[in-house]
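In listed order, ligands and their atoms are each counted from 1.
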Amino acid sequence: MRVLVTGASGLIGQALCDALFARGDDVVGLTRDPGRAREANPRVEWRKWEPRLERPDPAAFEGVDGVVHLLGERIDQKWTPEAKERIMESRRQGTHNLVQTIAALTQPPRVLVSQSAVGYYGDRGAEEVDEGDGPGSSFDSEVVVAWEAAAHELDSSDVRLVVVRTGQVLAKRAGILKEMLTPFQLGVGGPLAGGEQYLSWIHIDDEVGILLWALDQESVSGTVNASSPSPATNREFSKALGRTLNRPAVMPVPGLVLDLKFGREFGQVLRGGQRVIPKRTEELGYQFIYRDLDKALQDLL
Ligand SMILES: NC(=O)c1ccc[n+]([C@@H]2O[C@H](COP(=O)([O-])OP(=O)(O)OC[C@H]3O[C@@H](n4cnc5c(N)ncnc54)[C@H](OP(=O)(O)O)[C@@H]3O)[C@@H](O)[C@H]2O)c1
């Protein structure tokens with residue numbers, strides 16, 4: 001299979017490329033900086049694309065069977081007006097431009113797997129939410145709604161579309177786990193801002209597993225949640241991390257610390273969370289490798 005990946009240089013993209021190569025697939029990667037990307041991963045055929053400014057070159061799609069669209073400005077930063085514009089437009093305009101090229105191809109790929117995020121649901125307390133539930137109203141929910149709407153511009157074509165609403169990805173290389181590791185190893189880790197908020201996590205192997213499953217399975221289309229069937233509260237997550245590292249999770253981190261690091265608006269998002277159930281994902285037949293948080297953490301750490 002020949003697969004085109006956007007965001008192939010990122011945390012999830014790198015793991016996906018490794019898995020595609022391991023099964024003998026070819027990978028075309030779209031990046032803003034082919035020189036840097038080639039140095040990091042010479043096996044990918046890199047092509048330049050500025051997602052917000054232009055449509056990608058149709059020549060990059062020659063012989064491509066499937067597309068996985070991951071790119072996006074990082075969310076975990078201070079939400080200044082400039083950062084919010086980058087977070088929104090890399091996804092809204094970037095996805096729109098990608099879909100316009102795909103829709104105009106004489107020989108389009110069979111499938112577009114378009115990344116999304118569980119931030120779609122907004123802060124939902126302890127309520128269980130699945131793919132059938134509606135969006136929240138915070139800025140990150142607005143971004144995801146616009147991101148998914150841009151992907152759905154493909155609906156009138158013959159290309160199968162799978163939208164993958166992803167939870168917090170647990171990986172060694174980067175992401176939430178790497179951020180939390182140092183304070184926990186130093187014995188000063190603990191639940192954030194009270195710890196009652198839910199964290200819908202997914203092991204990187206399942207994230208990649210769901211992206212590959214969505215690429216391969218002709219029967220899968222529409223929205224699927226990519227988060228484990230056992231979301232944990234922040235307190236439960238901290239305890240599990242403390243257990244795995246043999247360090248007690250005794251130092252609660254006050255919400256004010258989040259505000260100082262990320263600003264008030266994103267700090268507020270981190271005080272909340274969502275308890276996401278991958279209902280459709282399991283109904284459609286995906287079998288999670290890691291359903292249990294302790295097992296996922298033990299594997300990664
Ligand atoms: N990691 C998670 O826990 C998680 C959870 C839910 C959803 N997601 C979503 O999944 C996607 C991939 O996540 P990730 O963790 O792999 O992200 P990542 O490591 O930050 O990589 C994202 C990639 O997007 C491109 N990019 C970054 N900023 C951009 C901008 N302003 N304009 C255009 N392109 C930009 C970069 O590629 P180039 O520099 O090569 O152009 C980068 O490699 C993101 O959209 C993210 O929001 C991630």
Side-chain angles (χ1 to χ4, degrees), residues 4-19 27-41 44-54 56 60 68-77 79-80 82-98 113-121 139-141 143-144 146-148 150-151 163-180 199-208 210-211 214 223-228 231 237 266 269-270 273-274 276 278 296 300:
L4 182 144
V5 182
T6 80
S9 62
L11 168 67
I12 300 170
Q14 289 180 49
L16 175 66
C17 290
D18 289 348
V27 182
V28 181
L30 301 188
T31 175
R32 294 165 300 168
D33 186 346
R36 176 175 46 83
R38 202 168 292 120
E39 245 170 60
N41 193 343
V44 173
E45 294 172 35
W46 293 102
R47 305 289 183 93
K48 185 170 169 55
W49 178 39
E50 287 290 345
R52 292 174 58 185
L53 303 181
E54 60 191 0
V68 182
H69 175 46
L70 296 170
L71 75 81
E73 169 83 17
R74 56 186 299 186
I75 304 272
D76 58 335
Q77 57 178 306
W79 286 358
T80 62
E82 298 76 22
K84 284 172 84 168
E85 211 258 341
R86 288 195 303 272
I87 289 169
M88 175 64 96
E89 295 310 328
S90 59
R91 292 176 173 80
R92 176 164 57 191
Q93 193 60 41
T95 306
H96 170 77
N97 284 336
L98 175 73
V113 179
S114 200
Q115 180 72 321
S116 173
V118 300
Y120 174 86
Y121 301 107
F139 169 68
D140 56 328
S141 305
V143 169
V144 180
W147 194 9
E148 292 191 2
V163 171
V164 178
R165 275 188 202 144
T166 296
Q168 289 284 346
V169 176
L170 305 184
K172 264 182 252 181
R173 234 186 313 221
I176 184 179
L177 199 54
K178 193 156 181 258
E179 284 273 317
M180 289 175 81
L199 195 156
S200 292
W201 59 273
I202 181 164
H203 189 293
I204 183 77
D205 290 356
D206 275 316
E207 168 67 7
V208 170
I210 289 174
L211 294 172
T223 304
V224 291
N225 285 336
S227 61
S228 86
F237 190 89
F266 187 47
V269 169
L270 294 173
Q274 49 292 118
V276 176
L300 290 164

S.K.: For ligand 1, which atoms, with element, lie under 4.0 Å from some heavy atom of T31?
M.R.: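 Under 4.0 Å from T31, ligand 1 has these atoms: 38 (P), 40 (O), 41 (O).
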
S.K.: At a 4.0 Å cut-off, with the gap strictly under it, does some heavy atom of L70 reach an atom of ligand 1?
M.R.: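 The answer is yes: ligand 1 sits under 4.0 Å from a heavy atom of L70.
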
S.K.: Say whether S9, considering both its backbone and side-chain N or O atoms, lies within less than 3.5 Å of an N or O atom on ligand 1.
M.R.: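 Min N/O separation from ligand 1 is below 3.5 Å for S9.
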
S.K.: Within a strict 4.5 Å, meaning less than it, do heavy atoms of the D33 and W46 side chains meet?
M.R.: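 No, their side chains stay 4.5 Å or more apart.
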
S.K.: Taking all non-hydrogen atoms of both residues, which atom of C17 and which atom of V27 are closest, and how far apart?
M.R.: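 So the two residues come closest at SG-CG1, 3.9 Å.
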
S.K.: What protein heavy atom lies closest to atom 15 (O) of ligand 1? Include the residue and the distance to one decimal.
M.R.: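 Ranked first by proximity to atom 15 (O) of ligand 1 is L11 CB, 3.7 Å.
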
S.K.: If you measure from OG on S90 to CD on E85, what distance do you get to the nearest 0.5 Å?
M.R.: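 Reported to 0.5 Å precision, the distance equals 9.5 Å.
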
S.K.: What do you reckon, does G10 have a nitrogen or oxygen under 3.5 Å from a nitrogen or oxygen of ligand 1?
M.R.: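 There is such a contact, yes.
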
S.K.: Below 3.5 Å, N or O to N or O, backbone or side chain included: is there any such pair between V169 and ligand 1?
M.R.: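 Among all N and O atoms of V169, at least one is under 3.5 Å from an N or O of ligand 1.
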
S.K.: Only heavy atoms of L71, strictly under 4.0 Å: list the atoms of ligand 1 that pass.
M.R.: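 Near L71, meaning under 4.0 Å from one of its heavy atoms, ligand 1 has 24 (O), 25 (C), 33 (C), 34 (N), 45 (O).
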
S.K.: Among R52, E73, H96, find the one that has a side-chain contact (heavy atoms from CB on, under 4.5 Å) with E89.
M.R.: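 When side-chain contact (heavy atoms from CB on, under 4.5 Å) is applied between E89 and each of R52, E73, H96, only R52 qualifies.
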
S.K.: Please say whether I12 places an N or O atom under 3.5 Å from an N or O atom belonging to ligand 1.
M.R.: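 Such a contact does occur with ligand 1.
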
S.K.: Could you tell me whether W79 and F139 have their ring centroids closer than 6.0 angstrom?
M.R.: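 They qualify: ring centres under 6.0 Å apart.
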
S.K.: I need the nearest protein heavy-atom contact for atom 5 (C) of ligand 1: residue, atom name and distance, please.
M.R.: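 The protein heavy atom lying closest is G167 O, 3.0 Å.
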
S.K.: Answer yes or no: does an N/O atom from Q115 fall short of 3.5 Å to an N/O atom of ligand 1?
M.R.: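 Yes - when backbone and side-chain N and O of Q115 are compared with those of ligand 1, one distance drops under 3.5 Å.
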
S.K.: Heavy-atom contacts under 4.0 Å between W147 and ligand 1: side chain, backbone, both, or neither?
M.R.: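 Only the side chain of W147 comes within reach of ligand 1.
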
S.K.: When you check the side-chain N and O atoms of H69 and S114, is any donor under 3.5 Å from an acceptor?
M.R.: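 Result is no, nothing qualifies.
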
S.K.: Which heavy atom of the protein is the closest neighbour of atom 23 (C) of ligand 1, given with residue, atom name and distance?
M.R.: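 Its nearest protein heavy-atom neighbour is G7 CA, 3.8 Å.
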
S.K.: Does G119 have a non-hydrogen atom less than 4.0 Å from ligand 1?
M.R.: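 In this structure, G119 fails to qualify as a contact of ligand 1 - no heavy atom is under 4.0 Å.
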
S.K.: With a 4.0 Å heavy-atom cut-off (strictly under), which part of R32 contacts ligand 1: side chain, backbone, both or neither?
M.R.: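 Both parts.
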
S.K.: So for E50, does at least one of its heavy atoms come nearer than 4.0 angstrom to any atom of ligand 1?
M.R.: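 Distance cut 4.0 Å: E50 fails for ligand 1.
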
S.K.: Consider every N or O of E73 and every N or O of ligand 1, then say whether any pair is closer than 3.5 Å.
M.R.: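 Yes - when backbone and side-chain N and O of E73 are compared with those of ligand 1, one distance drops under 3.5 Å.
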
S.K.: Just jot down the ligand 1 atoms closer than 4.0 angstrom to any heavy atom of P51, in number order.
M.R.: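 Counting atoms of ligand 1 from 1, those under 4.0 Å from P51 are 33 (C).
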
S.K.: What is the minimum heavy-atom distance between S200 and P231, and which atoms define it?
M.R.: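 Minimum heavy-atom separation between S200 and P231: OG-CB, 3.7 Å.
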
S.K.: At their closest point, which heavy atom of R165 faces which heavy atom of Y121, and how far apart are they?
M.R.: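 Smallest heavy-atom distance, with atoms named: NH1-OH, 2.9 Å.
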
S.K.: Are any of the N/O atoms in R91 less than 3.5 Å from those in ligand 1?
M.R.: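 N/O-N/O distance below 3.5 Å exists for this pair.
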
S.K.: Run through K84, E82, Q77 and flag the one making a side-chain contact (heavy atoms from CB on, under 4.5 Å) with T80.
M.R.: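 Filter result, single survivor: E82.
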
S.K.: What heavy-atom pair brings V144 and A117 nearest, and what distance separates the two atoms?
M.R.: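 Taking V144 first and A117 second, the nearest heavy atoms are CG1-O, 3.7 Å.
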
S.K.: At what distance is the nearest protein heavy atom to atom 6 (C) of ligand 1, and which residue and atom is it?
M.R.: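 Checking every protein heavy atom, the shortest distance to atom 6 (C) of ligand 1 gives T166 O, 3.3 Å.
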
S.K.: For K48, is there an ion pair with E54 - N to carboxylate O distance below 4.0 angstrom?
M.R.: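 No salt bridge links E54 with K48.
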
S.K.: Using every non-hydrogen atom in the two residues, find where G167 and I202 come nearest and quote the distance to one decimal.
M.R.: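 Heavy-atom minimum between the residues: O-CG2, 4.1 Å.
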
S.K.: Measure across T31 and A37 and return the closest heavy-atom pair with its distance rounded to 0.1 Å.
M.R.: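 Shortest heavy-atom separation between T31 and A37 comes out as CG2-CB, 3.9 Å.
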
S.K.: Under a 4.0 Å heavy-atom limit, does R52 contact ligand 1 with its side chain, its backbone, both, or neither?
M.R.: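 No part of R52 comes within reach of ligand 1.
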
S.K.: Flag S116 as yes when one of its N or O atoms lies below 3.5 Å from any N or O atom of ligand 1, and as no otherwise.
M.R.: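 There is no such contact.
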
S.K.: Counting heavy atoms only, name the option from A83, G29, G72 that's nearest to atom 20 (O) of ligand 1.
M.R.: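 Among A83, G29, G72, the closest heavy atom to atom 20 (O) of ligand 1 belongs to G72.
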
